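As a basis for the values below, the full set of heavy atoms in this structure was taken, side chains included, without hydrogen atoms, waters or symmetry mates. Given the structure is predicted, the values throughout are model-derived calculations rather than measurements.
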Amino acid sequence: MAFLGKLLKKGIKLRETLEQDYTSPLDLQKNELRKLLITAKDTYFGQYHYFKTILNGFKNQDEHLFYQYYKSNVPIYSYETINDEWWSKGRQGIKGVTWPGKVKYYALSSGTSSASSKYIPVTTDMIKSIRKTSVRQLLSISKYDLEPEFFEKGILMVGGSTDLKFNGRYFEGDLSGITTSQVPFWFQHFYKPGKKISAAPDWNQKLNEMVEKAASWDIGVVVGVPAWIQILIEKIIAHYQLDNIHDIWPNLKIFVHGGVSFKPYKKGFEKLLGKPLMYLETYLASEGFVAFQDDLAHESMKLVMNNGIFYEFVPFTSENFDEDGQVKADASTYKIDEVELDKEYALLMSTNAGAWRYLIGDVVKFTNLAETELIITGRTKHFLSLCGEHLSMDNMNRAMEMTAQQLNIDVKEFTVAGESHEGLFAHHWYVGTDQSIDESQLKSVLDHHLKELNDDYKVERSAALKDIFVTVVSPQQFYQWMKQNGKEGGQSKFPRVLKSERLESWQTLLENDVI
């Protein structure tokens with residue numbers, strides 16, 4: 001495999017990468033939507049929403065008319081609306097509902113208020129697109145000072161089980177399990193933990209088997225959600241009585257992470273290392289591979305604009321969203337050439353899996369328009385604004401990172417809930433750490449950093465947001481809650497904001513002191 005390593009070291013560029021480097025974002029996206037509409041014009045969805053008429057907008061000399069046609073004929077869809085009206089019919093075995101052919105896979109994603117799980121369609125075209133973008137990210141690593149031999153090391157991908165459930169009509173499972181089950185033959189030489197371990201449905205069984213095999217692997221890259229990767233590395237270190245993970249994997253140099261901000265985990269994670277790693281963030285949603293970090297000098301990720309996804313951006317403001325994070329029917333939407341720096345936008349996606357103007361729930365902010373780079377700042381429903389404090393996930397992650405640094409503690413998980421207090425409001429933080437810490441000191445430092453980061457929060461702390469409470473709990477209780485809710489391992493994350501029935505089940509677990 002030395003030949004492959006030399007090719008990757010040279011940074012052989014794919015046609016798609018070159019196209020994105022030298023074509024305007026608007027032209028890329030316009031062409032992407034055109035291809036999506038042409039492919040799906042004869043589906044039930046395409047006929048109902050006049051895709052053939054929309055395609056006429058691409059023939060006009062006005063380069064923006066196509067978007068007006070598209071917005072006029074296709075409404076914004078939430079999961080509830082597109083699932084009830086369209087995707088549910090595909091799960092009944094009907095072909096060509098929102099994308100040609102039969103949908104063979106459905107990715108299970110986080111539940112909504114009206115459903116225990118979301119069923120997101122995953123088509124063959126979408127899987128091919130995810131593969132292409134994954135290779136593009138791998139090629140981006142070639143720009144760094146790495147020896148050719150590094151590109152022949154193992155790549156450990158810790159995801160959901162590849163043993164997908166089949167109900168007679170379709171397979172369902174974690175997106176990482178679906179995509180890993182489709183690993184191309186040329187990648188199998190590098191891929192760890194291998195097909196057998198990946199198929200293990202039980203997370204603890206999978207962990208134990210990876211620990212047993214760890215000594216026989218030469219790992220250069222680890223890919224996964226930070227919390228689960230940290231648990232695995234801790235188990236390996238304990239099992240082999242190591243000082244750090246580099247004692248067993250000396251060639252480990254890169255951690256590719258996604259799904260949740262790495263900032264709160266970084267301090268504790270780096271105590272497990274013998275030497276620094278390169279950290280690369282990915283934005284792989286259940287609806288498609290959106291962006292990836294291709295430059296270590298930038299914390300932001302580059303939006304992928306020519307691989308099966310058309311993006312729209314909804315300013316995340318009270319004019320467009322209600323207090324529960326639901327998008328309004330008359331919300332303003334913009335395409336890629338109309339976005340502005342440092343403004344928060346909720347993301348709409350139209351994809352080659354049959355999502356159309358679909359609100360995926362993420363909120364992003366552009367940091368570099370020339371390079372179309374962005375960061376994820378939160379979720380439309382995972383924020384706290386009980387009284388106008390507008391506390392985003394980005395605020396929460398950054399404040400917890402700063403607090404952990406100042407107090408020299410390792411925070412492995414945390415969440416926050418809103419509650420009534422003295423006729424007004426309060427926030428209740430639950431912080432997972434194995435270290436002994438004075439809760440009143442933790443509260444004071446955390447509150448201070450939140451005020452630094454968010455002016456609205458600072459104002460409301462002297463008004464309607466009367467207090468914050470901090471409860472330190474064992475990290476194991478977070479993992480236990482996820483296990484009880486079927487969210488152990490894979491792409492699963494503990495919600496940053498606890499609301500309604502999730503808060504009730506969390507409080508019940510704590511009251512029963514379940515570990």
Side-chain angles (χ1 to χ4, degrees), residues 4-29 32 126 128-148 150-151 153 155-157 176 179 187 190 220-226 229 252-263 266 276-285 287-311 313 336-337 339 341-342 345 347 349 362 364-377 394:
L4 179 59
K6 290 177 181 177
L7 286 179
L8 291 171
K9 177 60 180 176
K10 289 180 180 178
I12 305 301
K13 285 202 171 186
L14 298 174
R15 178 186 62 80
E16 291 86 356
T17 304
L18 291 169
E19 181 183 53
Q20 179 152 332
D21 286 346
Y22 296 105
T23 308
S24 76
L26 175 60
D27 287 342
L28 286 171
Q29 281 285 274
E32 213 58 37
M126 174 180 167
K128 289 179 181 177
S129 292
I130 290 174
R131 278 189 199 166
K132 282 185 178 181
T133 301
S134 298
V135 173
R136 285 166 72 170
Q137 183 171 36
L138 180 63
L139 291 176
S140 75
I141 297 172
S142 65
K143 70 179 70 172
Y144 308 120
D145 188 22
L146 298 167
E147 63 281 2
F150 171 78
F151 294 93
K153 304 303 179 185
I155 300 177
L156 176 61
M157 301 171 66
S176 62
T179 54
F187 187 69
F190 306 95
V221 181
V222 173
V223 183
V225 173
I229 295 296
L252 177 61
K253 293 186 177 180
I254 296 175
F255 177 29
V256 181
H257 59 87
V260 65
S261 173
F262 182 55
K263 291 178 181 177
K266 189 174 181 181
L277 296 184
M278 293 185 231
Y279 300 108
L280 293 173
E281 186 172 6
T282 61
Y283 187 176
L284 176 56
E287 297 80 8
F289 204 147
V290 177
F292 62 86
Q293 184 179 354
D294 74 338
D295 190 334
L296 287 173
H298 301 174
E299 288 190 0
S300 50
M301 295 173 284
K302 192 178 189 71
L303 191 66
V304 179
M305 292 178 293
N306 57 342
N307 199 13
I309 303 174
F310 177 74
Y311 306 98
F313 305 91
I336 188 63
D337 61 313
V339 297
L341 275 179
D342 298 323
Y345 297 96
L347 194 58
M349 285 169 49
D362 289 337
V364 301
K365 181 191 294 184
F366 281 89
T367 59
N368 186 327
L369 292 180
E371 297 295 327
T372 58
E373 292 181 347
L374 52 75
I375 59 173
I376 304 169
T377 61
D394 190 50

Ring pair (Phe, Tyr, Trp, His ring centres under 6.0 Å) against F255, all qualifying residues, sequence neighbours excluded: H257, F262, F269
Can you name the salt bridge (Lys or Arg N to Asp or Glu O under 4.0 Å) partners of K302, sequence neighbours left out? E371
Taking side chain to side chain contact (heavy atoms under 4.5 Å, CB included) as the definition, give me every residue that meets it alongside L28, ordered by chain and number, with sequence neighbours left out. E19, Q20, T23, M305, N306
Got T282 and F289 here, is their nearest side-chain heavy-atom distance under 4.5 Å? yes
CD1 of I141 to CG of L146: how many Å apart, nearest 0.5 Å? 7.5 Å
Take Q137 and V256, measure what side chain to side chain contact (heavy atoms under 4.5 Å, CB included) needs, and give me the verdict at the end. CA-CA 10 Å; Q137 183 171 36; V256 181; 4.1 Å; yes
Going by heavy atoms in the side chains, are V290 and L374 under 4.5 Å from each other? no
Nearest 0.5 Å please: distance from the CG atom of L296 over to the CD1 atom of I254. 8.0 Å
The side chain to side chain donor-acceptor pair (under 3.5 Å) partners of K263 (sequence neighbours excluded) come to none
Are the side chain of E281 and the backbone N or O of M301 linked by a donor-acceptor pair below 3.5 Å? no
Got a sec, which residues hit side chain to side chain contact (heavy atoms under 4.5 Å, CB included) with S129, two or more places apart in sequence or on another chain? N307, N352
With sequence neighbours excluded, what pairs up with L369 under the side chain to side chain contact (heavy atoms under 4.5 Å, CB included) test? V339, L341, F366
Could you check whether any side-chain heavy atom of Y279 comes within less than 4.5 Å of a side-chain heavy atom of K266, counting everything from C-beta outward? yes
Output for pair (E373 CD, E299 CD), nearest 0.5 Å, gives 11.5 Å
Partners of D394 by salt bridge (Lys or Arg N to Asp or Glu O under 4.0 Å), sequence neighbours excluded? none
Verdict with reasoning, F292 to L284, per side chain to side chain contact (heavy atoms under 4.5 Å, CB included): CA-CA 8 Å; F292 62 86; L284 176 56; over 6 Å; no
Sequence neighbours left out, what passes side chain to side chain contact (heavy atoms under 4.5 Å, CB included) with K365? Give chain and number order. D342, E344, I375, T377
Does a side-chain heavy-atom distance below 4.5 Å link I309 with V304? no
Hey, mind stepping through L303 and V364 against side chain to side chain contact (heavy atoms under 4.5 Å, CB included) and telling me if it holds? CA-CA 11 Å; L303 191 66; V364 301; over 6 Å; no
Got a sec, which residues hit side chain to side chain donor-acceptor pair (under 3.5 Å) with D362, two or more places apart in sequence or on another chain? Y283, R379
Applying salt bridge (Lys or Arg N to Asp or Glu O under 4.0 Å) to D337 and not counting sequence neighbours gives K335
CD (Q293) and CE (M278) are apart, to the nearest 0.5 Å, by 11.5 Å
Which residues satisfy the side chain to side chain donor-acceptor pair (under 3.5 Å) test with N368, sequence neighbours excluded? none
Of all residues at least two apart in sequence or in a different chain, which pass the salt bridge (Lys or Arg N to Asp or Glu O under 4.0 Å) check with E32? K35
What's the separation between atom CD1 in I229 and atom CE in M157, rounded to the nearest 0.5 Å? 10.5 Å
Of all heavy-atom pairs between P226 and G258, which one has the smallest distance, and what is that distance? CD-O, 3.9 Å
Contact check, side chains of Y311 and L347, non-hydrogen atoms, under 4.5 Å: yes
